[in-house]
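Heads up, the thing below is written out as structure tokens.
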Amino acid sequence: MTSLLLLPLLLLLTWAPARPAKPTGGSEDTRDQALKQLLEVFGMEEPPQPPLYSKEPPQYMVDLYNTVADADGVTKDPHLLEGNTVRSFLERTHSDQMQMLFLLSSVAKNEVVLSAELHLFKLRAGGAEGALLQRQHYCQVNVYQVLGKDHPEAPQGKKLLSARLLALQGFGWEVFSITQAVRDWVADEGSNQGLLVTVQGLAGAPLDPHAVQFASGRDHHASKKPMLVLFTDDGRRAATLPSGFPAFPAPPEPPSNRTRGARSAESSLPCQRYPLMVDFDEIGWTGWVISPLGYNAFYCKGTCLFPLGQTMRPTNHATVQSIIHALKLSPEVQTPCCVPDNLFSINLLYFDDDDTVVLKQYDGMGAGSCGCH
């Protein structure tokens, strides 16, 4: 099971700073292999290159991360996120018109597109446009999938994706569903001719083209640029153990300068959970990881000696095995093992190689509790 094999790997990475200044070839090879395997767990072949200059992630993505995860990245509720991957694509053509293009090359064809949203920032009306608000209160905003880029305004050159009424007063983010268009683009990248947004008065009434304006990719701050938010599922689901919250609290971390006697005493302690800190900075994942800076994966250690109490969270099979071992009915039967019996997922917010901000949820990344199995 990948999630169980990950724990000793993370131990290796956490201990990396204690290596000699000039490690032997074998230890360096082991570290390289460990880092490669860790990247595979995170679904990557190579770590993304950090952005060339300091960039702020979209506030929407930061807020979404804080909604689904705690400060250490641990999932608050596995049902809060739709799928396991969220990407935010900024409009790249920097057009001042309401025709826009989003490049989705980083989305794999095997990913299931669950939903897609166009986020537009509505600007505050002022001046002559403000006077217009006294006579009209609503308009209709239409979002089209462009089918023919040469004549997008023609009826055959576009397909309606979303249409709804919008109050002329006020300002801020407006969200439109564009799921079907994005599914087409992911299936056939060449069909991506972009989106067209139009605004009209109610029942076809004339409307000043300046009465409703959205921030463009060219003339406004990056925090207000048009954005496509895509929710997908890449099918990467680790084999998980029965989930449950809350997990057992972690005991105090044992001191590092233990004597042999203390180590012997610890080895005789009953099965329990211990801290296992994973620091992404120590691993070398700086620059492209936004949050968290690290997390506590925990690990399980201790004995599962007869008689097994309920605090050991034993399975029925473990109880029977401990009885057989205690009665010496079968010499080859050992005591049950202390292993995770509840795994939790974590969330990673990061920049990919295209500087797109990605929120991804990874299953089975930490031991929620330990038991005798």
Side-chain angles (χ1 to χ4, degrees), residues 58-61 64 82-83 86-105 107 113-125 129 136-220 222-232 356-357:
Q59 189 60 43
Y60 173 85
M61 297 297 288
L64 182 61
E82 185 178 10
V86 186
R87 295 181 179 88
S88 57
F89 300 90
L90 296 181
E91 206 273 330
R92 296 296 181 92
T93 61
H94 307 299
S95 171
D96 59 349
Q97 305 298 322
M98 292 313 293
Q99 186 171 348
M100 54 199 68
L101 181 67
F102 298 91
L103 305 179
L104 309 180
S105 57
V107 182
V113 175
L114 302 174
S115 64
E117 302 169 344
L118 174 64
H119 291 222
L120 297 177
F121 189 87
K122 182 179 178 295
L123 302 173
R124 188 197 301 269
E129 294 80 17
Q136 299 185 37
H137 301 285
Y138 292 92
C139 65
Q140 179 171 312
V141 179
N142 304 315
V143 179
Y144 296 92
Q145 177 182 355
V146 176
L147 303 178
K149 63 180 179 180
D150 294 332
H151 303 285
E153 295 286 355
Q156 69 274 15
K158 62 183 185 294
K159 180 172 68 175
L160 183 64
L161 298 173
S162 180
R164 63 183 175 88
L165 297 182
L166 186 65
L168 292 176
Q169 293 182 344
F171 63 97
W173 287 101
E174 300 291 342
V175 179
F176 304 87
S177 175
I178 56 170
T179 305
Q180 188 53 57
V182 173
R183 284 175 177 165
D184 293 344
W185 298 341
V186 171
D188 179 10
E189 187 176 347
S191 68
N192 184 359
Q193 304 296 327
L195 300 169
L196 175 68
V197 179
T198 64
V199 181
Q200 63 187 56
L202 299 185
L207 183 68
D208 187 319
H210 300 291
V212 177
Q213 296 188 63
F214 297 99
S216 67
R218 187 179 72 173
D219 297 329
H220 299 91
S223 63
K224 295 181 174 63
K225 285 184 178 182
M227 181 172 63
L228 189 160
V229 178
L230 178 59
F231 296 81
T232 68
T356 297
V357 175

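Along the sequence shown, residues carry numbers from 1.
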Is any side-chain heavy atom of L168 closer than 4.5 Å to a side-chain heavy atom of H137? no

Do L230 and V182 make a side-chain contact, defined as non-hydrogen atoms from C-beta onward lying under 4.5 Å apart? yes

Point-to-point distance, once rounded to the nearest 0.5 Å, from CE of M100 to NZ of K225: 12.5 Å

Could you walk me through whether S105 and E189 pass the side chain to side chain donor-acceptor pair (under 3.5 Å) check? CA-CA 8 Å; S105 57; E189 187 176 347; 5.0 Å; no

Please assess Q145 against I178 for the test side chain to side chain contact (heavy atoms under 4.5 Å, CB included), listing each intermediate value before the final yes or no. CA-CA 8 Å; Q145 177 182 355; I178 56 170; over 6 Å; no

How about Q99 and V146: do any of their side-chain heavy atoms sit closer than 4.5 Å? yes

Test E82 against S115 for side chain to side chain contact (heavy atoms under 4.5 Å, CB included), laying out the working first. CA-CA 8 Å; E82 185 178 10; S115 64; 3.1 Å; yes

If I take atom CG from residue L202 and atom OH from residue Y138, how far apart are they, to the nearest 0.5 angstrom? 9.5 Å

Ignoring hydrogens and geometry, is there a side-chain-to-backbone donor-acceptor pair from R183 to V113 under 3.5 Å? yes

Spatial distance of atom CD (Q213) from atom CZ (R124) [nearest 0.5 Å]: 14.0 Å

Are the side chain of T179 and the backbone N or O of A116 linked by a donor-acceptor pair below 3.5 Å? yes

Looking at every heavy atom in both V212 and C139, which two are closest together, and how far apart are they? CG2-SG, 3.7 Å

Specify the closest pair of heavy atoms between A181 and L161, including all atoms of both residues, with the distance to one decimal. CB-CD1, 3.6 Å

Would you call E91 and L118 a side-chain contact if the rule is heavy atoms closer than 4.5 Å? no

Derivation and outcome, side chain to side chain contact (heavy atoms under 4.5 Å, CB included), residues L195 and F102: CA-CA 9 Å; L195 300 169; F102 298 91; 4.0 Å; yes

Closest heavy-atom pair and its distance - W185, L104: CE3-CD1, 3.7 Å

Answer yes when D184 and K159 have at least one side-chain N-carboxylate O distance shorter than 4.0 Å, and no when they do not. yes

Does any part of the side chain of Q59, heavy atoms only, come nearer than 4.5 Å to the side chain of S223, both counted from C-beta? no

What heavy-atom pair brings H119 and W173 nearest, and what distance separates the two atoms? O-CZ3, 3.5 Å

Steps toward side chain to side chain contact (heavy atoms under 4.5 Å, CB included) verdict (Q140, L166): CA-CA 6 Å; Q140 179 171 312; L166 186 65; over 6 Å; no

Spatial distance of atom CG (N142) from atom CG (L196) [nearest 0.5 Å]: 9.0 Å

Beyond-backbone contact of L123 with F171, side-chain heavy atoms, under 4.5 angstrom: no

Do L90 and V357 touch side chain to side chain, with heavy atoms closer than 4.5 Å? no

Less than 4.5 Å apart, any side-chain heavy atom of F121 and any of E174? no

I need the S216 OG to K224 NZ distance, nearest 0.5 Å. 12.0 Å

Please report the shortest heavy-atom distance between L120 and P226, naming the atom on each side. CD2-CB, 3.8 Å

Between CG on residue L160 and OH on residue Y144, distance to nearest 0.5 Å: 5.5 Å

For F214 against V197, the heavy-atom pair lying closest together: CE1-CG1, 4.5 Å

